[in-house]
Amino acid sequence: MPVLSPTSSSSSLVFTCFFIILFVTINSSNPVTITTKAKRPPRQLSVNYYAKSCPQVEQLVGSITSQQFKETPVSAPATIRLFFHDCFVEGCDASILIATQPGSKILAEKDAADNRDLRTEGFDTITRAKALVESKCPGIVSCADILAIAARDFIHLAGGPYYVVKKGRWDGKISMASRVPNNLPHANSTVDQLIKLFSSKGLTIQDLVVLSGAHTIGFAHCKNFVDRLYNYKGTKQADPAIDPRLLKALKMSCPQVGGNADIVAPFDVTTPFVFDHAYYANLQSKLGLLASDEGLFLDLRTKPLVQSFGLDKAKFFLAFSAAMEKMGSIGVKRGKRHGEKRKVCSIHI
């Protein structure tokens with residue numbers, strides 16, 4: 001599930017707002033589950049993991065996320081995306097936060113091509129939260145747990161469900177850019193490719209559709225969908241699965257050549273800043289931004305789920321909470337042999 005975020009350019013956000021207004025004006029007329037065997041969540045994860053060692057950890061992280069959300073709302077999709085990208089590569093171990101060391105020939109995950117447009121607000125949130133937690137509970141709470149808590153906080157702050165976060169992750173010792181490409185979904189991934197990737201992580205087809213719903217907030221750069229506008233699958237034509245009105249608006253934002261690389265468009269053209277279930281209704285109206293999004297409605301294996309979640313927000317929220325807990329258990333590290341508790345999230349101990 002590609003989870004993409006906007007650029008840091010304030011001018012691009014202004015342009016995006018113009019794009020949204022333009023599209024709303026143009027669009028004034030209408031805006032069988034197959035499962036794979038899931039891996040059991042590691043037994044060591046517990047809601048009360050820090051009950052004695054750092055009982056105030058959730059409040060500490062929450063004080064940062066609430067402030068960040070007020071000051072820079074884009075921190076929400078940025079941090080949620082950061083969590084997805086972390087868990088899908090090496091597991092949920094904060095390896096995405098490691099910076100490439102000066103002089104090193106091995107690039108860290110953060111510097112992989114698929115991660116270069118991750119917004120700094122996501123990293124800044126975790127850095128600030130970690131510093132506060134360390135000042136109260138030094139050497140106790142992992143960066144991985146802080147990232148999991150922060151992602152949940154932002155989902156809730158944006159209007160989504162609140163769910164309990166099980167804790168007990170240690171920070172991973174391995175962070176290699178070379179391991180990123182084959183472990184992340186892409187904007188043009190087919191449903192077959194997405195199902196295979198999610199299955200390799202112990203996630204079902206329902207988990208795929210549910211977690212893709214995180215695209216109810218956030219933005220994507222033009223480069224991730226420009227081929228759909230002008231040369232879909234080498235046809236030199238637009239993807240027929242795009243609503244003509246949306247296509248017109250997107251072309252105004254993203255010319256085929258010579259456009260501003262910082263321009264972004266919202267995943268959800270109806271409620272781009274609210275975590276709701278409009279994403280699924282949009283797919284049914286040919287308003288999906290990425291080919292990988294729209295494909296979920298075109299494939300018979302995933303279409304019924306798109307329709308179901310589009311009708312019932314409560315059902316989506318419940319399923320999303322469960323899927324996030326499952327995803328948050330992927331590849332969890334424990335103990336000094338496999339993990340560490342970093343004091344600074346970007347630097348190995």
Side-chain angles (χ1 to χ4, degrees), residues 2-10 12 60-61 64-65 67-68 71-72 74-75 77-151 154 169-186 221 223-224 261-262 264 330-349:
V3 184
L4 304 166
S5 64
T7 66
S8 58
S9 170
S10 59
S12 68
L60 293 171
V61 176
I64 299 298
T65 53
Q67 183 179 4
Q68 287 281 103
E71 296 176 354
T72 53
V74 74
S75 298
T79 305
I80 296 167
R81 182 190 182 195
L82 196 59
F83 186 50
F84 279 101
H85 279 225
D86 181 48
C87 289
F88 269 66
V89 183
E90 299 294 341
C92 306
D93 63 354
S95 53
I96 187 72
L97 305 177
I98 291 289
T100 301
Q101 297 304 302
S104 175
K105 295 182 179 180
I106 300 177
L107 292 179
E109 283 177 39
K110 182 179 179 181
D111 296 310
D114 292 294
N115 289 331
R116 284 175 188 163
D117 64 345
L118 289 171
R119 285 191 63 102
T120 58
E121 287 86 350
F123 294 97
D124 292 344
T125 295
I126 305 308
T127 297
R128 292 182 60 190
K130 176 62 173 177
L132 180 59
V133 171
E134 281 294 312
S135 70
K136 304 295 182 181
C137 310
I140 300 297
V141 183
S142 67
C143 300
D145 277 342
I146 289 175
L147 178 55
I149 295 169
F154 279 125
R169 304 165 186 81
W170 283 47
D171 300 323
K173 296 180 178 181
I174 298 173
S175 181
M176 299 172 62
S178 61
R179 300 190 179 186
V180 172
N182 294 330
N183 283 293
L184 286 181
H186 300 95
H221 292 85
K223 66 180 181 181
N224 293 291
D262 289 337
V264 296
I330 296 174
V332 168
K333 310 296 188 299
R334 283 285 292 164
K336 293 184 178 180
R337 181 179 178 183
H338 302 289
E340 59 188 10
K341 294 285 185 73
R342 298 197 289 273
K343 293 185 177 181
V344 177
C345 295
S346 60
I347 304 175
H348 281 300
I349 292 177

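Just so you know, residue 1 is the first one in the sequence shown, and it goes up from there.
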Reported [atom1]-to-[atom2] distance for the pair [X] and [Y], which is rounded to 0.5 angstrom:
X    : Y    : atom1 : atom2 : value
I80  : F154 : CD1   : CZ    : 8.0 Å
T120 : L82  : OG1   : CG    : 11.0 Å
R169 : D145 : CZ    : CG    : 5.0 Å
D171 : K333 : CG    : NZ    : 10.0 Å
I149 : L60  : CD1   : CG    : 9.5 Å
S175 : L107 : OG    : CG    : 9.5 Å

Applying side chain to side chain contact (heavy atoms under 4.5 Å, CB included), name anything that partners [X], two or more places apart in sequence or on another chain.
X    : result
E134 : K130, P138, K343
A151 : F83
Q67  : E71, R128
N115 : H85, I96, E109, A112, L118, V180, L184

Heavy atoms only: give me the nearest [X]-[Y] pair and the separation to one decimal.
X    : Y    : answer
A177 : A108 : CB-O, 3.4 Å
S178 : P181 : O-CD, 3.6 Å
A150 : T125 : CB-CG2, 4.5 Å
A78  : G122 : CB-N, 3.7 Å
Q68  : S75  : NE2-OG, 3.5 Å

Exercise for review: Under the side chain to side chain contact (heavy atoms under 4.5 Å, CB included) rule, what do I98 and H348 come out as? Steps first, then yes or no, please.
Suggested key: CA-CA 7 Å; I98 291 289; H348 281 300; 3.9 Å; yes
Check your understanding: Is a side-chain donor or acceptor of D86 paired with a backbone partner of L97 at a separation under 3.5 angstrom?
Key ->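 No, D86 side chain to L97 backbone: no donor-acceptor pair under 3.5 Å.
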Check your understanding: Short question: side chain of Q101, backbone of A99 - any donor-acceptor pair under 3.5 Å?
Key -> yes
Check your understanding: Below 4.0 angstrom, N of the basic side chain to O of the carboxylate: do D93 and R342 qualify?
Key ->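 R342 and D93: not salt-bridged.
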Any side-chain heavy atom of [X] sitting closer than 4.5 Å to one from [Y]?
X    : Y    : answer
T79  : L147 : yes
H186 : D114 : yes
K341 : W170 : yes
K173 : E340 : yes

Check your understanding: With S346, which residues qualify under side chain to side chain donor-acceptor pair (under 3.5 Å), at least two apart?
Key -> none
Exercise for review: Let me see the working for T100 and K110 under side chain to side chain contact (heavy atoms under 4.5 Å, CB included), right down to the final yes or no.
Suggested key: CA-CA 8 Å; T100 301; K110 182 179 179 181; over 6 Å; no
Check your understanding: Within a radius of less than 6.0 Å around CD1 of I106, do more than 12 heavy atoms belonging to other residues, nucleotides or ligands occur?
Key ->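 No, not enclosed.
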Check your understanding: Got a sec, which pairs hit disulfide (SG to SG under 2.5 Å) with one end in residues 79-129, sequence neighbours left out?
Key -> C87-C92
Exercise for review: Under the side chain to side chain contact (heavy atoms under 4.5 Å, CB included) rule, what do V89 and M176 come out as? Steps first, then yes or no, please.
Suggested key: CA-CA 9 Å; V89 183; M176 299 172 62; over 6 Å; no
